[in-house]
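Notes for the one structure printed next.
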Amino acid sequence: ELQLVESGGGLVPAGGSLRLSCAASGFEFDGYDVAWFRQAPGKEREAVSCRSSGDGSTYYADFVKGRFTISSDPDKRTAYLQMNSLKPEDTAEYFCAADGDVTACLGIQYGINKMAIWGQGTQVTVSS
């Protein structure tokens with residue numbers, strides 16, 4: 001079974017940092033585009049960042065550019081989202097997702113979400 005498990009969420013004051021982890025089981029990250037999404041209460045899920053398996057290129061939503069960094073460690077089958085300079089508006093449930101289609105990240109940049117594998121989410125709360 002292909003699974004993703006997120007961890008690293010928590011409560012942090014504004015301006016603080018967190019690093020989310022996304023551990024894969026049942027498949028290798030090599031060859032999979034990996035993305036992070038978030039969903040705040042009463043709002044739609046939105047893409048935060050994506051890393052292409054093809055060339056390692058990355059995409060960031062405008063609201064996190066310069067503050068968040070996506071990375072992956074294939075040996076550990078784990079992807080990360082380093083979040084710095086957190087703001088109260090970053091409060092949300094964060095989900096990681098993966099897909100074996102090498103155009104998945106490209107699709108996300110155009111609002112097309114075809115990620116097939118999803119984690120259960122981890123809560124991030126930023127206090128003001």
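Just so you know, residue 1 is the first one in the sequence shown, and it goes up from there.
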Spacing of Ser49 atom OG and Met83 atom CE [to the nearest 0.5 Å]: 11.5 Å
Roughly how far apart are Ser25 OG and Gln3 CD, rounded to 0.5 Å? 4.5 Å
Does Leu11 belong to the same Ile/Leu/Val/Met/Phe/Trp/Tyr cluster as Val126, with side-chain heavy atoms less than 4.5 Å apart forming each link? no
Is there side-chain contact between Leu86 and Leu18, with heavy atoms separated by less than 4.5 Å? yes
CD1 of Ile70 to SG of Cys105: how many Å apart, nearest 0.5 Å? 6.5 Å
Side chain proximity check, Trp118 to Glu6, heavy atoms < 4.5 angstrom: no
Is the closest basic N to carboxylate O distance between Asp90 and Lys87 below 4.0 Å? no
Nearest 0.5 Å please: distance from the CD atom of Glu93 over to the NZ atom of Lys43. 15.0 Å
Shortest non-hydrogen contact from Ala61 toward Ala47: CB-O, 3.5 Å
Is Leu20 close to Thr122 at the side-chain level, that is, under 4.5 Å between some pair of heavy atoms? yes
Would you sort out whether Ser17 and Asn84 count as a side-chain hydrogen bond (donor to acceptor under 3.5 Å, both in side chains), showing the intermediate values? CA-CA 4 Å; Ser17 298; Asn84 299 328; 2.9 Å; yes
When clusters are formed by joining ILVMFWY residues with side-chain heavy atoms under 4.5 Å apart, either directly or through shared neighbours, do Phe95 and Ile112 land in the same one? no
Side chains of Thr69 and Tyr80: closer than 4.5 Å at any heavy-atom pair? no
Within the 4.5 Å heavy-atom criterion, are Phe27 and Ile117 side-chain neighbours or not? yes
To the nearest 0.5 Å, how far apart are NZ in Lys114 and CG in Leu106? 8.0 Å
Do Tyr94 and Arg38 pair up side chain to side chain, a donor and an acceptor below 3.5 Å, judged on atom types alone? yes
Could you please spell out the steps behind the side chain to side chain contact (heavy atoms under 4.5 Å, CB included) verdict for Val34 and Ser72? CA-CA 8 Å; Val34 179; Ser72 69; 5.6 Å; no
In plain terms, say whether Asp33 and Arg51 are close enough for a salt bridge, that is, a side-chain N and a carboxylate O under 4.0 Å apart. no
Smallest heavy-atom separation, Ser128 atom then Ala14 atom, equals CA-CB, 4.4 Å
Side-chain touch Val102/Tyr32, heavy atoms, less than 4.5 angstrom: no
Indicate the atoms forming the closest heavy-atom contact of Ala79 with Trp36, along with that distance. O-CZ2, 4.1 Å
Pair Tyr60-Phe68, ring-ring contact (aromatic ring centres under 6.0 Å, His included): steps then yes or no: CA-CA 8 Å; Tyr60 295 95; Phe68 290 13; 8.2 Å; no
Working to the nearest 0.5 angstrom, can you tell me the gap between Cys50 SG and Met115 CE? 4.0 Å
Please report the shortest heavy-atom distance between Ala40 and Ala92, naming the atom on each side. N-CB, 3.8 Å
